[in-house]
Visitor: 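I have a structure I would like to understand better, so I am pasting it below and will then ask my questions one at a time.
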Number of protein chains: 4
Amino acid sequence: MGHKPGHRPAARLPRETRIAELMAAARQVFRDKGYDDASIAEIALRAGVGEGTLYRYFENKHDLLIKVLEDWYVGMIEDDDRQLRALQGTRDRLHYLIRSHLAVIWREPVFCRLVLVELRAAADYRGSALFQLNRAYARRTLDTIQEAVQLGEFRADVPLSLVRDMIYGCIEHHTWGYLRGDAEFAVDGVAEAITDMICRALAVPAPRPDALAAAIERLEALTQRLSG
Amino acid sequence: MGHKPGHRPAARLPRETRIAELMAAARQVFRDKGYDDASIAEIALRAGVGEGTLYRYFENKHDLLIKVLEDWYVGMIEDDDRQLRALQGTRDRLHYLIRSHLAVIWREPVFCRLVLVELRAAADYRGSALFQLNRAYARRTLDTIQEAVQLGEFRADVPLSLVRDMIYGCIEHHTWGYLRGDAEFAVDGVAEAITDMICRALAVPAPRPDALAAAIERLEALTQRLSG
Amino acid sequence: MGHKPGHRPAARLPRETRIAELMAAARQVFRDKGYDDASIAEIALRAGVGEGTLYRYFENKHDLLIKVLEDWYVGMIEDDDRQLRALQGTRDRLHYLIRSHLAVIWREPVFCRLVLVELRAAADYRGSALFQLNRAYARRTLDTIQEAVQLGEFRADVPLSLVRDMIYGCIEHHTWGYLRGDAEFAVDGVAEAITDMICRALAVPAPRPDALAAAIERLEALTQRLSG
Amino acid sequence: MGHKPGHRPAARLPRETRIAELMAAARQVFRDKGYDDASIAEIALRAGVGEGTLYRYFENKHDLLIKVLEDWYVGMIEDDDRQLRALQGTRDRLHYLIRSHLAVIWREPVFCRLVLVELRAAADYRGSALFQLNRAYARRTLDTIQEAVQLGEFRADVPLSLVRDMIYGCIEHHTWGYLRGDAEFAVDGVAEAITDMICRALAVPAPRPDALAAAIERLEALTQRLSG
DNA sequence: GATGAATGAGAATTCATTCAT
DNA sequence: GATGAATGAATTCTCATTCAT
């Protein structure tokens with residue numbers, strides 16, 4: 001056996017349990033140190049296993065990061081979805097989605113930065129599970145808008161994906177200072193402001209003045225005749 | 001120790017010239033290889049100097065990257081400004097700024113990714129010259145909007161910085177696929193769409209014209225009578 | 001990244017064994033080359049391991065040197081102590097300590113020079129384990145002198161630490177030529193001479209002449225009377 | 001010409017003047033930074049010349065160090081000698097020499113450390129001018145002792161060189177803490193103590209005075225008779 | 001004489017990953 | 001399954017010294 005007397009090997013755990021423990025340890029360390037400064041040795045130590053054990057469950061360090069972030073993402077979306085289901089009305093739902101995204105950044109700036117810098121910028125991002133998760137995440141925003149379009153609340157002639165980019169890009173751009181750790185931001189204020197702008201950008205156009213004027217003219221002529 | 005016999009040292013150049021050559025070589029290599037895969041040795045080789053020479057002019061590899069990107073940025077802004085000066089009208093200027101930013105990404109995706117990933121995410125970004133350059137860059141957009149507000153073309157109750165975040169965040173978010181190298185995007189189409197949305201989000205609410213109000217009043221009175 | 005195929009990794013050894021082997025190899029190389037000219041690569045090669053292995057057990061090259069010298073020092077003191085225990089008498093013990101120190105220099109001039117030049121002159125010497133070892137080493141000399149003082153063999157009014165400095169400083173100063181490799185010295189002759197001088201410097205003062213003269217006078221008077 | 005417009009080359013100075021300036025600058029920098037941390041660039045800068053100029057007057061950095069230390073040494077000995085000449089009496093002269101050496105260490109710990117670590121330990125020390133200077137320096141101590149021997153004040157059977165080693169070795173050993181910068185020492189107290197010990201170690205054995213010898217003889221004769 | 005731009009050999013160090021036990 | 005000792009490629013950076021101008 002590969003263990004020294006006095007160094008009891010970690011108990012043999014059911015695969016799922018072991019994985020959960022490893023991810024918990026990794027999540028902790030990644031949060032504290034970021035990716036580069038986190039070491040496999042430290043994660044293994046915190047999980048109470050040998051370094052080799054990590055490689056039985058994860059391909060490599062980067063894979064471990066991905067799994068940790070996916071796991072975090074999934075939990076986050078679930079929580080989020082539960083709350084979203086209770087909300088009616090385009091503006092309220094939109095506002096919730098925006099505010100919730102800002103809140104995630106507020107709570108987990110390190111993970112958010114890792115997603116943006118280590119994963120999203122990687123060549124293999126498209127094709128990753130996180131890419132899909134992200135799509136699902138943003139899907140809800142797109143759906144909300146699409147419904148509003150069908151209800152006639154929002155105009156139909158805007159490219160949906162650009163609206164999504166505008167919302168998430170704006171949030172991201174606005175919070176970089178916070179993500180870097182050198183600025184703050186106000187979740188609620190920003191959420192309101194963005195929601196307003198988006199709603200305004202998507203509002204159905206007021207009826208065109210010319211057509212309106214012509215209609216009025218015709219009606220007035222008619223009124224004249226009838227009342228004449 | 002000085003130069004070895006057999007390897008004639010590179011010609012003695014004035015500081016500025018040498019720096020320009022080194023930056024040209026570095027720009028080339030960074031563009032081809034990105035940051036991590038670029039090696040000092042290769043840059044020096046391409047510049048036709050010894051590796052040590054680089055260190056006479058740049059603190060280290062990262063400093064070299066920063067200087068290269070700053071240089072590129074400055075040139076870009078200058079070109080841009082020249083064209084901008086010729087443009088009148090809020091929409092045209094805004095459209096130009098947006099389109100031009102998209103075009104930069106289109107032309108130099110590698111540098112853009114380097115700025116976003118290697119520099120903007122770094123802890124010392126705020127405080128860097130590039131941060132300042134970026135402010136200057138975005139300033140023009142803010143000024144254009146501010147003028148429009150003063151001209152009464154745009155509403156006054158929107159937080160300027162959020163509009164900036166919306167514009168640049170949207171562009172960035174939209175082009176990540178291209179920056180990664182796994183998607184395309186249409187400069188012109190996107191520029192139009194974003195400009196439209198922004199203008200719409202900022203448009204002053206159509207004031208109910210007096211004539212319209214009067215007409216409605218009359219019609220309502222008539223309706224009252226006819227139905228009375 | 002792990003081991004390359006084709007290069008079988010060195011046998012997996014228990015920590016202590018491996019460390020012993022590495023130190024043996026390092027001791028060898030440091031003795032042959034000194035510190036600066038010793039390379040990690042050579043030490044690793046001689047130990048039959050990869051370079052990285054050294055860094056599992058020693059922080060860096062300098063730490064390795066320190067550990068090697070400490071190890072050497074400890075062994076030396078132990079051997080020394082064993083012999084010292086058998087010796088009685090102030091002069092014999094003192095002579096042994098002095099001679100033994102000279103002998104160490106004679107046998108290991110390179111290590112001695114490394115201790116004097118690389119370690120003792122370093123800012124963090126005080127606080128190092130070697131500093132403590134050295135104290136223990138010199139302690140025995142101080143104890144010997146102190147006992148002699150209590151036995152009335154040595155005068156009590158000399159600062160102990162200065163005597164220590166005198167002994168070790170003298171030895172060191174005298175052997176620098178040998179340490180540099182450009183002179184010889186005679187262990188035994190020097191040991192005798194230094195011991196003599198130290199003993200003389202510490203000898204209790206001869207009884208005061210006046211008192212002696214008076215005693216003689218009294219005795220002579222007595223003799224006169226008796227023989228008269 | 002090798003100079004840029006705006007960078008006036010340093011005035012052409014008489015060789016001796018220029019050398020003096022360069023050494024002054026170097027002395028300054030070596031004192032502040034030690035040897036390794038001193039850079040040729042900084043020394044040249046402080047001297048107001050180009051780096052290459054240093055190499056017209058000194059072979060290399062190490063040669064410059066040597067010259068600086070020699071210069072310092074010479075000045076020091078001269079000052080010292082002037083005062084020594086005024087002193088009469090073995091003990092006073094010895095005390096002066098010891099105290100003066102301690103005072104030098106007190107005033108210039110960095111240079112002293114440089115001499116001990118960078119020069120004295122080097123393979124080519126013997127053969128260097130500093131070695132000769134040092135001999136001259138110590139010569140005075142040897143001469144003083146030798147004279148005392150001839151005057152009958154000191155015993156003749158001690159190896160002179162060992163006495164020298166004892167004096168200077170003791171001082172050096174005692175002051176290492178100060179040289180490293182982690183301890184203090186009291187010039188006067190230490191000077192007294194060392195002088196005392198040395199004088200005691202060299203004192204002629206109290207000659208049995210003739211009177212004493214005669215008395216003893218008589219007493220012994222008497223004892224003989226009485227016991228006979 | 002003065003300059004200072006150009007040089008480049010050289011070595012320590014890291015740590016994710018492997019695989020014999 | 002668990003372990004953790006062994007690995008080693010790969011790269012930055014230094015700065016005293018030279019010599020063309």
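Here is the naming used below: chain letters follow the sequence lines, and residue numbers restart at 1 for every chain. Small disclaimer: the values here were computed from a predicted structure and weren't measured.
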Visitor: Which atom names give the shortest non-hydrogen contact between D:Gly34 and D:Ala38, and what distance separates them?
Guide: O-CB, 3.2 Å

Visitor: Among all residues two or more places apart in sequence or in another chain, which pass the salt bridge (Lys or Arg N to Asp or Glu O under 4.0 Å) test with C:Arg113?
Guide: none

Visitor: Please classify the nucleic acid contact of B:Ala38 as base, sugar-phosphate, or nothing, using heavy-atom distances under 4.0 Å.
Guide: sugar-phosphate

Visitor: Listed in order of residue number, which residues of residues 24-36 of chain D have a non-hydrogen atom at under 4.0 Å from DNA chain F?
Guide: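 Nucleic-acid contacts, sorted: none.
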
Visitor: Select from B:Arg15 and B:Gly52 the residue whose nearest nucleotide in DNA chain E is closer to the 5' end of that strand.
Guide: B:Arg15

Visitor: Between C:Glu51 and B:Ser39, who's closer to the 5' end of DNA chain F by nearest nucleotide?
Guide: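 Looking at DNA chain F, the more 5' nearest nucleotide goes with C:Glu51.
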
Visitor: For B:Glu59, check salt bridge (Lys or Arg N to Asp or Glu O under 4.0 Å) against everything at least two apart and list the hits.
Guide: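 B:Glu59 satisfies salt bridge (Lys or Arg N to Asp or Glu O under 4.0 Å) with no other residue.
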
Visitor: Sequence neighbours left out, what pairs pass side-chain hydrogen bond (donor to acceptor under 3.5 Å, both in side chains) with at least one residue falling in residues 13-25 of chain B?
Guide: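 Residue pairs with at least one partner in residues 13-25 of chain B: B:Arg18-B:Glu21.
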
Visitor: Name every residue in residues 56-71 of chain C that has at least one heavy atom under 4.0 Å from any atom of DNA chain E, in order of residue number, or write none if there are no such residues.
Guide: C:Asn60, C:Lys61

Visitor: So which heavy atom on B:Phe58 is nearest to which on B:Met23, and how close?
Guide: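 Looking at all heavy atoms of both residues, the shortest contact is CZ-CG, 3.7 Å.
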
Visitor: Please name all residues satisfying salt bridge (Lys or Arg N to Asp or Glu O under 4.0 Å) with A:Arg56, sequence neighbours left out, ordered by chain then number.
Guide: none

Visitor: Indicate every side-chain donor-acceptor pair of residues 116-124 of chain A with a distance under 3.5 Å to a residue at least two apart or in another chain.
Guide:
| residue | atom | partner | partner atom | Å |
| --- | --- | --- | --- | --- |
| A:Arg120 | NH1 | A:Glu172 | OE1 | 3.0 |
| A:Arg120 | NH1 | A:Glu172 | OE2 | 2.9 |
| A:Arg120 | NH2 | A:Glu172 | OE2 | 2.9 |

Visitor: Starting at the 5' end of DNA chain F, write a dot or bracket for each base, bracketing those in Watson-Crick or G-U wobble pairs whose two distances are under 3.5 Å and using | for partners on another strand.
Guide: .||||||||||||||||||||

Visitor: Please identify each residue that fulfils salt bridge (Lys or Arg N to Asp or Glu O under 4.0 Å) with D:Lys67, with sequence neighbours left out.
Guide: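 Counting only residues at least two positions away or on another chain, D:Lys67 forms a salt bridge (Lys or Arg N to Asp or Glu O under 4.0 Å) with D:Asp63.
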
Visitor: For residues 41-53 of chain A, dump all side-chain donor-acceptor pairs below 3.5 Å to protein atoms at least two apart in sequence or in another chain.
Guide:
| residue | atom | partner | partner atom | Å |
| --- | --- | --- | --- | --- |
| A:Glu42 | OE1 | A:Lys33 | NZ | 2.8 |
| A:Glu42 | OE2 | A:Lys33 | NZ | 3.4 |

Visitor: Check whether any side-chain nitrogen or oxygen of C:Thr53 sits under 4.0 Å from OP1 or OP2 of F:dT7, and answer yes or no.
Guide: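 It does, given that an N or O in the side chain of C:Thr53 lies less than 4.0 Å from OP1 or OP2 of F:dT7.
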
Visitor: Phosphate oxygens OP1/OP2 of F:dT14: is one of them under 4.0 Å from a side-chain N or O of B:Tyr55?
Guide: no

Visitor: Can you tell me which residue pairs pass the ring-ring contact (aromatic ring centres under 6.0 Å, His included) test with a partner in residues 35-55 of chain C, sequence neighbours excluded?
Guide: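 Those involving residues 35-55 of chain C are C:Phe30-C:Tyr35, C:Tyr35-C:His62.
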
Visitor: A:Ile40 near the nucleic acid: base, sugar-phosphate alone, or nothing, with a heavy-atom cut-off under 4.0 Å?
Guide: base

Visitor: Checking A:Val110 now: which residues fulfil side-chain contact (heavy atoms from CB on, under 4.5 Å) with it, not counting sequence neighbours?
Guide: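 For A:Val110 the side-chain contact (heavy atoms from CB on, under 4.5 Å) partners, ignoring immediate neighbours, are A:Leu114.
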
Visitor: At less than 4.0 Å, is any side-chain N or O atom of C:Arg18 found next to OP1 or OP2 of F:dA5? Yes or no.
Guide: no

